[in-house]
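Worksheet: the structure to be examined is printed underneath.
This one's a predicted model, so the numbers in the text were calculated from it and none came from an experiment.
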Amino acid sequence: FVDLKSFDTKIGKSDLKATGRIDNILPYLFQNEVLKGNVILQSNKLYVDDLMRSVSESKMDSTTVSDSTIIGAILVPKYYDMGMNVDIKELIYNKLPIRNVTGEIAMKDQIAKLSDVSMDMLEGNITMNGSYNTQNKNPKLNFDYNINSVDIEQTTTFFKSLDVIVPMAKKCKGKISTSLNLVTDLGQDMMPVYSSISGDGILSSNNLMVNGMKVLDKMADVLQIKELSLQKLKNLNMQFEFVNGRVLVKPFITKFSGINTTIEGSSGFDQTIDYNISMKIPREKLGSNANDIAEGLLGKVNGKGLNIG
């Protein structure tokens, strides 16, 4: 075995310090037996982008490749039975600084299990528990996320898949929190296989601004209430689930420009939306043209493709 009393090194701009014990090294190297151990990994600054680039270049140097070579999905080693406790002060991934990364990672049977992995990012905090399974060709992700007060604009920029999963998110500004269970297969590019996504969660926000959404613009036009185009939602709390390529939103109550509103429906990964919006509109909101609006509302609704009750 190797007793890591003080392993301290630098790789490029990254620093690494490890303590712990690793067993069965020679049988692992020469007889394909299981490498076992428990390690505490610490770093003040870890540049993941640089480390991954070094690994990729190493693979390319040792293999004949073409310009179109894809390195493939990240695999958990087959012959590992390793436990790792991490404490990373700052981690740089995809040019994004992620701070105070802590938690436990256990690797065994080509599965990495994460326990209470916490990180400060996107102006908030994300905590994860779950597994990353690479026993089959396509990795499988099964995570419980607790996401607290992240900036939604930064989140949609960093997680490109949100453009497909929740296309309306890019029309929002503010901070959101969510508890979420997500199960999905990943492709060789480490992006979700959208047809495989399942799970559910609760999303909340105390101050979410929605602007530039076509459905709100249409409602403002039909009802002649201009302020409906821009919404500032308070105390938002909605439940959702992923089913058959759609995000199903259970009925929730909010206020649109001070008007009590109930919303339910779904949005699809194919960018389609299907929502029912029920509003209790005070007569004074409609102004002097209330009767004309009421008489012509059904015709306009049919023409605009809205469902208003």
I'd like to check Gln135 versus Asp109 (side-chain heavy atoms, cut-off strictly below 4.5 Å). Are they in contact? yes
Counting distance only, does the side-chain N/O of Ser43 pair as donor-acceptor with the main-chain N or O of Ile88 below 3.5 Å? no
If we ignore angles and hydrogens, is there a donor and acceptor under 3.5 Å between the side chains of Ser257 and Gln231? yes
Would the distance check show the side chain of Tyr132 and the main-chain N or O of Ile74 forming a donor-acceptor pair, the cut-off being under 3.5 Å? yes
Donor-acceptor pair, side chain of Asn24 and main chain of Val34, under 3.5 angstrom: yes
Asp217-Ser229 side chain donor-acceptor pair, cut-off 3.5 Å: yes
Honestly curious: do Met219 and Tyr275 fall in one hydrophobic cluster under the side-chain, below-4.5 Å linking rule? yes
Would you call the rings of Tyr93 and Phe158 parallel, tilted or perpendicular, taking 30° and 60° as the class edges? perpendicular
Can you list everything that forms a side-chain hydrogen bond (donor to acceptor under 3.5 Å, both in side chains) with Ser266? Sequence neighbours excluded, please. Arg246
If two hydrophobic side chains count as joined below 4.5 Å and joins carry through other members, does Tyr28 share a cluster with Val76? yes
So does Gly199 get a backbone contact from the side chain of Glu241, meaning a donor-acceptor N/O pair under 3.5 Å? no
Do Asn125 and Ser118 meet the criterion of a side-chain donor-acceptor pair at a distance under 3.5 Å? yes
With sequence neighbours left out, the residues meeting salt bridge (charged side-chain N to carboxylate O under 4.0 Å, His left out) with Lys89 are Asp87
Does some side-chain heavy atom of Lys234 sit less than 4.5 Å from a side-chain heavy atom of Asn207? yes
Verdict with supporting geometry, Phe269 and Ile165, side chain to side chain contact (heavy atoms under 4.5 Å, CB included): CA-CA 5 Å; Phe269 301 162; Ile165 298 172; 3.8 Å; yes
Under a 4.0 Å N-O cut-off, is there an ion pair linking Asp151 with Lys175? no
Would you say that Leu122 contacts Leu96 through its side chain, given a criterion of any heavy-atom pair below 4.5 Å between the two side chains? yes
Should Arg21 and Asp23 count as an ion pair when the cut-off is N to O under 4.0 Å? yes
Kindly say whether Asn44 contributes a backbone atom to a donor-acceptor pair with the side chain of Asp15 at under 3.5 angstrom? yes
Nearest heavy-atom pair of Phe256 and Leu228: which atoms, and what distance? CB-CD2, 3.9 Å
Ignoring hydrogens and angles, state whether a donor on the side chain of Asp270 or Thr272 is under 3.5 Å from an acceptor on the partner side chain. yes
Scan side-chain atoms only and decide if Asn211 and Lys171 contain a donor-acceptor pair under the 3.5 Å cut-off. no
Check the side chains of Asn181 and Asp144 for a donor-acceptor pair under 3.5 angstrom, ignoring hydrogens and angles. yes
Side-chain touch Ser161/Tyr194, heavy atoms, less than 4.5 angstrom: yes
With a 4.5 Å limit on heavy-atom distance, are the side chains of Leu236 and Leu203 in contact? yes
Among Ser198, Ser195, Ser196, the one residue meeting side chain to side chain contact (heavy atoms under 4.5 Å, CB included) with Thr184: Ser196
